[in-house]
2 protein chains.
Amino acid sequence: MTPPPPESKPASSPAPAPPAGLRERKKRRTRDALLRAALELFTSQGYEQTTVDEIVDAVDVSQRTFFRYFANKEEAVFAVQEMVERQFVEQLRARPPHEPPLQALRAAVLDAWNTIGDSIEQVVPVELHMRTFQLIESTPALLAVQMRRSIETEEEVARIIAAREGLDVDADPRPRVAVAAFSGVMRMTGRLWGAGEDLSVESMRVVTAAQLDELVPALAGDWRAG
Amino acid sequence: MTPPPPESKPASSPAPAPPAGLRERKKRRTRDALLRAALELFTSQGYEQTTVDEIVDAVDVSQRTFFRYFANKEEAVFAVQEMVERQFVEQLRARPPHEPPLQALRAAVLDAWNTIGDSIEQVVPVELHMRTFQLIESTPALLAVQMRRSIETEEEVARIIAAREGLDVDADPRPRVAVAAFSGVMRMTGRLWGAGEDLSVESMRVVTAAQLDELVPALAGDWRAG
DNA sequence: AGGCTAATGACAGCCGCTGACAGTTGACAA
DNA sequence: TTGTCAACTGTCAGCGGCTGTCATTAGCCT
């Protein structure tokens with residue numbers, strides 16, 4: 001639907017390789033500095049309370065430069081998030097094709113959470129990313145964007161699932177429905193985790209697994225029968 | 001989590017009763033006029049392409065007045081949407097308590113779509129509301145807000161379901177999980193409907209019913225076994 | 001009629017964001 | 001090395017969403 005312009009992102013690997021030229025390296029440094037400064041300010045004093053001017057002052061570039069790296073204030077918040085999502089999609093594509101849909105989805109998320117740590121650290125401290133995640137959950141404007149992003153991923157995931165099963169997404173409703181239900185639980189899980197105490201990655205994995213285990217039972221006709 | 005301030009909304013009935021004094025009636029008229037003008041402009045020339053100044057010029061009030069009735073530009077878009085959501089929640093509360101959770105949810109949505117027509121018409125033409133729905137689905141910024149609103153409703157609905165079953169939402173994960181899965185499918189359904197041709201209310205009901213019927217089958221372990 | 005108060009208008013100003021233009025600095029070839 | 005080109009950046013001006021403030025208007029009540 002809305003693919004990013006080809007030159008704006010590497011679009012290949014979750015952790016972009018270190019670029020060759022001096023110019024490219026300089027760009028990366030500026031971008032990373034802006035990113036870190038932004039996330040640090042956002043998480044410490046709030047998203048809306050932080051002006052773009054504060055961010056650029058911390059990095060000592062012009063406001064215009066900020067908007068050349070990030071289309072808007074929000075985009076800075078979700079730069080890392082996007083890496084994680086791509087990681088998930090890749091993991092899903094790598095699942096053995098004989099797995100049932102739900103099992104593949106579940107395994108892909110949990111695997112993704114296992115391996116992203118390293119990729120993230122190359123850009124910002126993982127702990128900062130976790131605080132950012134919490135910031136998103138507690139800031140309505142950011143939560144809204146998060147939701148929209150997640151439904152954009154949904155369509156892509158639905159197509160992957162359909163392909164695995166040899167189905168047409170437009171002919172058979174099950175791929176989209178399954179992914180929609182799965183995504184609903186994922187979003188709810190993020191909310192629960194963000195509201196909780198333990199902000200570790202392991203905690204995230206535990207909560208995720210626990211909620212997913214309840215998906216099928218929760219849809220059973222009569223809960224009291226079980 | 002974030003209840004609106006008591007005086008900002010009637011918060012009682014989906015279709016607020018006609019107020020007594022001349023002052024109140026005048027306020028209602030101004031608000032409705034702003035609402036209609038806004039939706040009309042939004043749906044005809046796009047949300048971002050419409051400035052608040054254009055809206056207030058059409059109604060001949062000051063810009064400041066617009067922002068006294070609506071906290072921001074978005075809120076005008078979702079004023080009617082909110083009526084519909086409240087209607088759904090009320091329908092759900094009215095379901096017989098012996099119904100299984102999913103069945104109650106399904107019946108509540110379909111009933112809501114049956115009865116809202118009249119309530120809406122008191123404020124704006126139903127056809128305009130339907131176009132607005134489509135506008136939301138095709139405008140990223142609005143879709144984002146829509147998503148956030150829907151997860152705010154989710155928690156309330158989960159508590160209703162839990163109460164029906166005599167459960168504690170924090171102790172038993174199934175209410176939240178079931179509602180999350182259900183909501184995921186609902187959102188996806190709205191997206192499908194908005195992308196389709198038939199913008200009628202009946203079409204909405206048909207699509208909704210069809211997608212919900214697929215929820216349980218879609219989560220079955222092996223689709224090929226069926 | 002006249003005082004009280006809610007609703008409105010007018011104005012100034014902040015902040016996010018964009019277009020245009022000019023200056024600077026790496027890249028690359030002669 | 002040097003000159004040219006293209007990319008990156010800073011500066012400035014300006015729009016649109018949104019808010020605070022204060023004076024003005026207009027329904028309400030005695």
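Protein chains get the first letters and strands the later ones, always in sequence-line order, with residue 1 at the start of each. Owing to the predicted nature of the structure, the values given are computational and were not obtained by experimental measurement.
- Checking each of A/E85, A/Q81, A/E74 against A/R149 for a side-chain hydrogen bond (donor to acceptor under 3.5 Å, both in side chains) leaves exactly one that passes, namely A/E85.
- Between the CZ atom of B/R64 and the P atom of C/dA7 there is a distance of 14 Å, given to the nearest Å.
- Computed from coordinates, the A/R68 CZ to C/dT25 C1' distance equals 14 Å when rounded to whole Å.
- Listed candidates were D/dG17, C/dC17, D/dG10. Nearest to the side chain of A/T65 is D/dG10.
- For the residue pair B/T65/B/S62, the side-chain donor-acceptor check at 3.5 Å is satisfied.
- Each of B/K26 and B/T51 was assigned the nucleotide of DNA chain D with the nearest heavy atom; the assignment lying further toward the 5' end belongs to B/T51.
- Within 4.0 Å of A/Y69, counting heavy atoms only, lie sugar-phosphate atoms of the nucleic acid but no base atom.
- Listed pair A/K73 / C/dC17 fails the phosphate criterion, with no side-chain N or O lying under 4.0 Å from OP1 or OP2.
- For the pair B/N72 CG and D/dT19 P, the computed distance is 7 Å after rounding to whole Å.
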| said: For a side chain to side chain contact (heavy atoms under 4.5 Å, CB included) check, start with the C-alpha distance between B/E40 and B/R131, then their side-chain angles and the critical distance, and finish with the verdict. | reply: CA-CA 9 Å; B/E40 209 70 66; B/R131 272 194 286 140; 3.1 Å; yes
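- Considering only side-chain atoms of B/F67, the nucleotide from D/dC8, D/dC18, C/dC17 that sits closest is D/dC18.
- Rounded to whole Å, the distance from CZ on B/F70 to C1' on D/dG17 is 16 Å.
- One can place CD of B/Q49 at 18 Å from P of D/dC15, the figure rounded to the nearest angstrom.
- Between A/E154 and B/R187 there is no salt bridge, since none of the side-chain N atoms of the basic residue sits less than 4.0 Å from a carboxylate O of the acidic one.
- Between the P atom of C/dT5 and the CD atom of B/E24 lies a distance of 17 Å, rounded to the nearest Å.
- In this entry the distance linking CG of B/D57 with P of C/dG9 reads 12 Å, nearest Å.
- When rounded to the nearest whole Å, the span between CD of B/E75 and C1' of D/dC18 equals 13 Å.
- Positionally, the nearest nucleotide of DNA chain D for B/T50 lies more toward the 5' end than for the other of B/T50 and B/R23.
- Between the side chains of A/E48 and A/T139, no donor N or O sits under 3.5 Å from an acceptor N or O.
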